[in-house]
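Taking it in order: structure first as structure tokens, then the write-up.
Because only heavy atoms are used, hydrogens play no part in the values below, and waters and symmetry mates are left out as well, while side chains stay in. Just so we're on the same page: letters track the sequence lines, and every chain starts at 1.
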2 protein chains.
Amino acid sequence: MASDHTRSAILSAAERLYADRGFGDVTLRDIVASANVNLAAVNYHFGSKDELIAELFVTRSLATNRERLNELKAAEEAGGGRAGIDAIFRALVGPTLRGCLGPSSEGSTAARFMIRASIESVPPIRRIKNREVDHLRKFAAAMRRSLPGRAEADIYWGLHFALAMAHHTIRERERLTKLSEGLCDLDDVQGIVERVVAVSVMALAGGETKSKAPARLVARDGR
Amino acid sequence: MASDHTRSAILSAAERLYADRGFGDVTLRDIVASANVNLAAVNYHFGSKDELIAELFVTRSLATNRERLNELKAAEEAGGGRAGIDAIFRALVGPTLRGCLGPSSEGSTAARFMIRASIESVPPIRRIKNREVDHLRKFAAAMRRSLPGRAEADIYWGLHFALAMAHHTIRERERLTKLSEGLCDLDDVQGIVERVVAVSVMALAGGETKSKAPARLVARDGR
DNA sequence: TTGCATTTCAAACACTTGTATGAAACTATC
DNA sequence: GATAGTTTCATACAAGTGTTTGAAATGCAA
């Protein structure tokens, strides 16, 4: 366990290559060539290719989740145990959006790696994501505390839509830029966060006076 | 040219297998075995594996786009050239949601195939999706006609968020069910459509009339 | 029928993939 | 400095991939 040099060289080379070219067409041979280590080193240090990918993703994923929960806790403490719904959404989507978009994302391989992981969805990553439910439940709980009257289903739909907007913005960043011909400023990360938060809040607050029947948020006859 | 039996057997076997097991681990040999045709038939009839996938996706994709535009045109004609913003969103997300969710999606391989295509993102499909910008521009144009005063960027963000909610709902269907422990009724497709439409409308209308609580929405994005 | 183009077929081709092996090179402890 | 444990290395392995080939079968027109 002396230097760990080989191990970390593999990790950083793999992250960079996956970030640049995607999981689909990066082989172990590409990685070890880029890391200047022997092919067998991957299996020696990580066991398998999938475990290497899993370790990469878990590391970044834990960091983001930690950041999210810190922001959430700070918001709840500032509000005496009950955070504003906008602060909750900000804690949910802020770290992810800042991590993957933003000026740092140009140079940060970590950010580009997480974008790839969000786009491609390879088995080992998918397995990890499926365990993320517990983490999201903490946000659902905070939302319940913030909006005690709200129907359970509305809480989850609100959470779901907030994540939808954040992740879709990350995934389809390029397409949105092309579609809007540059009119949507994808570099103004804080502006994007506030936009997503604002819509998420409206989605949840909009139905407030109405009943819990979900289909009638806008009273328009179904066709 | 005679019977086309082999060709269509390949198409339907491929669609079913891809729908069931994803693009990642379905080989040409799996497909030809399931279709009871010879391995070389794929390259003979389609040229390559990627072209087979592309043909599958293009077919389904064109059908959805046609349906979308039909609904849009109907809504604009009913409104005398200017459709309500809710009708535009309904035309945008309705066909996709109905196609991929809904009771038919249980049995329909076409629906499950499109869900896979939405989740996995393999090169030939990605190439086709990139050409879809023109199609979306038609909706942007309709939105401009419907809301003449609106800022261009807001139009595109509205379009983007509507697609985000629709696609994320399709993609993360299972996770949402698990997270909400069944509280979010993913079988009530019409209800989901209305929910997405309602939020999309609010996202766009909210910035203008209301200057309510967390409304840093328009203030931030100068342009 | 004969002739010709289309379609099917079994087989092989040419690679690439992740993984395993066993010897060599290290490193630290005694 | 010998020894035991760890790490590196070149190399081989086994399996699977999409694609190509050239001959056989089939369909269709004259």
Side-chain angles (χ1 to χ4, degrees), chain A residues 1-58 113 116-117 120-128, chain B residues 1-58 113 116-117 120-128:
Chain A
M1 195 167 292
S3 76
D4 264 357
H5 168 270
T6 302
R7 200 186 141 87
S8 58
I10 292 174
L11 279 173
S12 77
E15 184 168 51
R16 188 171 49 75
L17 285 179
Y18 284 141
D20 286 345
R21 293 161 35 195
F23 299 98
D25 58 333
V26 169
T27 72
L28 289 189
R29 283 169 176 82
D30 294 332
I31 294 173
V32 299
S34 164
N36 281 310
V37 301
N38 188 270
L39 174 58
V42 173
N43 289 276
Y44 177 79
H45 284 281
F46 299 94
S48 71
K49 180 196 185 185
D50 278 12
E51 290 174 85
L52 165 61
I53 295 179
E55 172 152 345
L56 280 171
F57 183 72
V58 160
F113 173 82
R116 281 287 178 190
E120 285 199 24
S121 168
V122 65
I125 290 184
R126 186 143 275 267
R127 250 171 268 142
I128 294 164
Chain B
M1 172 98 69
S3 76
D4 264 357
H5 168 269
T6 302
R7 199 187 142 87
S8 58
I10 292 173
L11 280 172
S12 76
E15 184 169 51
R16 189 170 50 74
L17 286 177
Y18 284 141
D20 287 345
R21 294 161 33 195
F23 298 98
D25 58 333
V26 170
T27 72
L28 288 190
R29 282 168 177 82
D30 293 333
I31 293 173
V32 299
S34 164
N36 281 311
V37 301
N38 188 271
L39 174 58
V42 173
N43 290 276
Y44 178 78
H45 283 282
F46 299 94
S48 70
K49 181 196 185 184
D50 278 12
E51 289 174 83
L52 165 61
I53 295 179
E55 173 152 345
L56 281 171
F57 184 71
V58 161
F113 173 82
R116 282 286 179 190
E120 285 197 22
S121 168
V122 65
I125 290 184
R126 185 143 275 268
R127 253 172 266 141
I128 294 164

> How close or far is atom P of D:dG18 from atom CD1 of B:I53, stated in whole angstroms?
Replying inline: 9 Å
> Partners of A:F57 by ring pair (Phe, Tyr, Trp, His ring centres under 6.0 Å), sequence neighbours excluded?
Replying inline: none
> Quick one: is D:dT8 close enough that its OP1 or OP2 comes under 4.0 Å of any side-chain N or O from A:H5?
Replying inline: no
>> How many whole angstroms separate atom CZ of B:R7 from atom P of C:dT8?
In response: 11 Å
>> Among residues at least two apart in sequence or on other chains, which ones pass salt bridge (charged side-chain N to carboxylate O under 4.0 Å, His left out) with B:R16?
In response: none
Identify every side-chain donor-acceptor pair in residues 45-53 of chain A under 3.5 Å, counting partners at least two apart or on other chains, and give the distances.
from, atom 1, to, atom 2, distance (Å)
A:S48, OG, A:E51, N, 3.3
A:S48, OG, A:E51, OE2, 3.2

> Which pair of heavy atoms, one from A:S34 and one from A:L17, lies closest together, and at what distance?
Replying inline: CB-CD1, 3.9 Å
For residues 20-32 of chain B, please give each side-chain donor-acceptor pair under 3.5 Å, one per line with the distance, not counting sequence neighbours.
from, atom 1, to, atom 2, distance (Å)
B:D20, OD1, B:R112, NH2, 2.2
B:R21, NH2, B:D25, O, 3.1
B:R21, NH2, B:D30, OD2, 3.0
B:T27, OG1, B:R29, N, 3.2
B:T27, OG1, B:D30, N, 3.1
B:T27, OG1, B:D30, OD2, 3.4
B:D30, OD2, B:T27, N, 3.1

> Counting only side-chain N and O atoms of A:H45, is one of them less than 4.0 Å from OP1 or OP2 of D:dT6?
Replying inline: no
>> Distance check needed: D:dC9 P versus A:I10 CD1, whole Å only.
In response: 10 Å
> How long is the line joining CG of A:D4 and P of D:dT6, in whole Å?
Replying inline: 14 Å
> Nearest-Å distance, OH (B:Y44) to P (C:dA10)?
Replying inline: 17 Å
> With sequence neighbours left out, what residues match B:R126 under side chain to side chain donor-acceptor pair (under 3.5 Å)?
Replying inline: B:S121
> Can you give one letter per nucleotide of nucleotides 12-21 of chain C, 5' to 3': B if a protein heavy atom sits under 4.0 Å from the base, S if only from the sugar-phosphate, - if neither?
Replying inline: B----BBBBB
